[in-house]
Amino acid sequence: METILEAKGVCKFFGGLKAVNQVDMQVAKGDIFGIIGPNGAGKTTFFNSCSGIYSPTKGKFYLNGEDISLMSSDQIARKGMARTFQNIQLFKFMTVRENVKIGFHTRTKSGIMDAIFHSKRFKEDEKFVEEQVAQVLEKVGLSDYADTMAGNLSYGIQRKVEIARALALNPEILLLDEPAAGMNPNETESLREFIIALNKSGYTIVVIEHDMKFIMNSCNRILVLNFGEKICEGGPKEVQENKMVQEAYFGHGKLMGDM
């Protein structure tokens, strides 16, 4: 299958700390790809390096074959990659509609002067954004919450709003950093179904998650990190049966199949 996102020998060092060390990864277009590992394994640092928050110390990232290693997060977003963060970063005193509108900032052309004088370009951008927001909210099933303050929503719905805002960038690939963190089992299952539906609608998805049931029942391939290094990559069954993964992630004597 066609590779959409690739990491080659990626390292990220902070002084003497090797947070990520010589990690390779290939994500196929149209896949749901999982990244797991114990706390401190380097998962979020790897995501941050991939999405332009950090530049890798060594190695390269490629998006659709283009080297994005030294690009800013804004430049990478314009190339077709969007991400969410472990901690929800919504504007809680703004409506769902307003939060999603913010996600369209890279897709409009009007500037400050256009906004001040309500130029033709500003009005065209406003119309475009309103139409696109309505489409995104309908796509993700949040139309009924459009005028609700984000802070008044349940945790699970807030996560979906954050993902909807990322979709406003019109990405090809979506990076989700622990989207199920803090959710109850029903919310987690609803989110899992939501992510699978997004994938079926055409988005490639890479997800960091600690919930092993979520990962094993969602992802086609899984990368396992430990102490910043790759120890395994494969399908769910292959990862479940890997002894190094069991020892690194769960300790001796406990199997993933028991989770």
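Basis for what follows: all heavy atoms, side chains included, without hydrogens, waters or symmetry-related copies.
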Report task. Go through the steps to decide whether M25 and R221 satisfy the test side chain to side chain contact (heavy atoms under 4.5 Å, CB included), and finish with yes or no. Result -> CA-CA 11 Å; M25 177 187 72; R221 290 189 65 78; over 6 Å; no

**Report entry** Pairwise distance OG1(T3) to CG(N64) - rounded to 0.5 angstrom
**Finding:** 10.0 Å

Query raised in the report: What pair of heavy atoms forms the shortest contact from K12 to S55, and how long is it?
Result: NZ-O, 3.0 Å

**Report entry** Residue pair T204 / F33, side-chain heavy-atom distance below 4.5 Å
**Finding:** no

Report summary line: The reported gap from CD1 in I76 to CG in L169 (rounded to nearest 0.5 angstrom) is 12.5 Å

Report task. Answer yes or no: does atom OH of Y145 have more than 12 heavy-atom neighbours from other residues, nucleotides or ligands under 6.0 Å? Result -> no

Query raised in the report: Would you call E172-K29 a salt bridge at under 4.0 Å N-O?
Result: yes

Query - Minimum-distance pair of heavy atoms, taken over all atoms of Q158 and G151 - result: NE2-O, 4.1 Å

Query - Non-hydrogen side-chain atoms of F85 and I53 separated by less than 4.5 Å - result: yes

Let me have the donor-acceptor pairs involving side chains of residues 45-52, under 3.5 Å, with sequence neighbours excluded, atom names and distances please.
{"unit_1": "N48", "atom_1": "OD1", "unit_2": "R83", "atom_2": "NH1", "d": "2.6"}
{"unit_1": "N48", "atom_1": "ND2", "unit_2": "T44", "atom_2": "O", "d": "3.4"}
{"unit_1": "S49", "atom_1": "OG", "unit_2": "T45", "atom_2": "O", "d": "3.0"}
{"unit_1": "S51", "atom_1": "OG", "unit_2": "F47", "atom_2": "O", "d": "2.9"}
{"unit_1": "S51", "atom_1": "OG", "unit_2": "R83", "atom_2": "NH1", "d": "3.2"}

Query - Heavy-atom closest contact (G234 atom, V239 atom, distance) - result: O-CG2, 3.9 Å

Requested in this report: Establish, yes or no, whether the cationic atom of K160 lies under 6.0 Å from the six-membered ring centre of F194 and within 45° of the ring axis.
Outcome: yes

Query raised in the report: Of all heavy-atom pairs between V100 and A168, which one has the smallest distance, and what is that distance?
Result: O-CB, 3.8 Å

Report summary line: NZ of K58 to NZ of K60, rounded to nearest 0.5 Å, is 13.0 Å

Report summary line: Nearest heavy-atom contact between S69 and G59 is OG-O, 4.1 Å

Report task. Determine, step by step, whether V140 and L167 satisfy the side chain to side chain contact (heavy atoms under 4.5 Å, CB included) criterion, reporting the C-alpha distance in whole Å, the side-chain angles of both residues, the deciding distance to 0.1 Å, and the verdict. Result -> CA-CA 10 Å; V140 301; L167 295 180; 3.7 Å; yes

Query raised in the report: Any link between V96 and I157 through a network of hydrophobic side chains (Ile, Leu, Val, Met, Phe, Trp, Tyr) touching at under 4.5 Å?
Result: yes

Requested in this report: Please determine if K237 and E241 form a salt bridge, counting it only when a charged side-chain N lies under 4.0 Å from a carboxylate O.
Outcome: yes

Query raised in the report: Less than 4.5 Å apart, any side-chain heavy atom of Q135 and any of Q132?
Result: yes

Query raised in the report: Hey, what do you get for CD (E131) to CD (E126), rounding to the nearest 0.5 Å?
Result: 11.5 Å

Query - Set of residues satisfying side-chain contact (heavy atoms from CB on, under 4.5 Å) with respect to S73, sequence neighbours excluded - result: none

**Report entry** Test side-chain contact (heavy atoms from CB on, under 4.5 Å) applied to A146 - qualifying residues, sequence neighbours left out
**Finding:** R97, L137

Query raised in the report: With Q89, which residues qualify under side-chain hydrogen bond (donor to acceptor under 3.5 Å, both in side chains), at least two apart?
Result: none

Requested in this report: For T188, enumerate each residue passing the side-chain hydrogen bond (donor to acceptor under 3.5 Å, both in side chains) test, keeping only those at least two apart in sequence or located in another chain.
Outcome: none

Query - Non-hydrogen side-chain atoms of S218 and I195 separated by less than 4.5 Å - result: no

Requested in this report: Indicate yes or no: at least one non-hydrogen side-chain atom of C219 is less than 4.5 angstrom from one of I32.
Outcome: yes

Query raised in the report: Got a donor-acceptor contact below 3.5 angstrom from the S201 side chain to the L198 backbone?
Result: yes

Report summary line: T148 and N152 have their tightest heavy-atom pair at CG2-CB, 4.3 Å

Query raised in the report: Between Y203 and I173, is a side chain to side chain contact (heavy atoms under 4.5 Å, CB included) present by the stated rule, with each step listed?
Result: CA-CA 6 Å; Y203 296 100; I173 183 167; over 6 Å; no

Report summary line: Sorted by chain and number, sequence neighbours left out, side-chain hydrogen bond (donor to acceptor under 3.5 Å, both in side chains) with E6 holds for Q26

Query - Between D74 and S72: side-chain donor-acceptor atoms closer than 3.5 Å - result: no

Requested in this report: Can you measure from CG (D177) to CG (N87) and round to the nearest 0.5 angstrom?
Outcome: 8.5 Å

Query raised in the report: salt bridge (charged side-chain N to carboxylate O under 4.0 Å, His left out) with E229: which residues, sequence neighbours excluded?
Result: none

**Report entry** Which residues share a side-chain contact (heavy atoms from CB on, under 4.5 Å) with N217, sequence neighbours left out
**Finding:** R192, K213

Report task. Would you sort out whether L176 and I205 count as a side chain to side chain contact (heavy atoms under 4.5 Å, CB included), showing the intermediate values? Result -> CA-CA 7 Å; L176 307 177; I205 296 172; 3.9 Å; yes

Query raised in the report: Just checking, any donor-acceptor pair under 3.5 angstrom between side chains of K18 and T57?
Result: no

**Report entry** Residues in salt bridge (charged side-chain N to carboxylate O under 4.0 Å, His left out) contact with E130, at least two apart in sequence or another chain
**Finding:** K101

Requested in this report: May I ask you to test the F13-N21 pair for a side-chain heavy-atom distance under 4.5 Å?
Outcome: yes

Query - Heavy-atom side-chain proximity of V20 to V23 below 4.5 angstrom - result: yes

Query - All side-chain contact (heavy atoms from CB on, under 4.5 Å) counterparts of N99, not counting sequence neighbours - result: L90, F91, M94, A150, V161, R165

Query raised in the report: Tell me, do I35 and V207 make a side-chain contact under 4.5 Å, heavy atoms counted?
Result: no

Requested in this report: Calculate, to the nearest 0.5 Å, the distance between atoms CZ and CE belonging to R78 and M71 respectively.
Outcome: 12.5 Å

Report summary line: side-chain contact (heavy atoms from CB on, under 4.5 Å) test vs C232 passes for just one of V224, I36, L223, namely V224

Query raised in the report: Do I68 and L70 sit in the same hydrophobic cluster, where Ile, Leu, Val, Met, Phe, Trp and Tyr count as joined when their side-chain heavy atoms come under 4.5 Å apart?
Result: no

Query raised in the report: So does K8 pair up with D24, basic N to acidic O under 4.0 Å?
Result: no

Query raised in the report: Mind checking whether F14 and Y54 have ring centres under 6.0 Å apart?
Result: yes

Report task. Flag yes if Y62 and L175 sit in one hydrophobic cluster, no otherwise; membership is Ile, Leu, Val, Met, Phe, Trp, Tyr, and two members link when side-chain heavy atoms are under 4.5 Å apart. Result -> no

**Report entry** salt bridge (charged side-chain N to carboxylate O under 4.0 Å, His left out) partners for D31, two or more places apart
**Finding:** none

Query raised in the report: E193: what forms a side-chain hydrogen bond (donor to acceptor under 3.5 Å, both in side chains) with it, not counting sequence neighbours?
Result: none

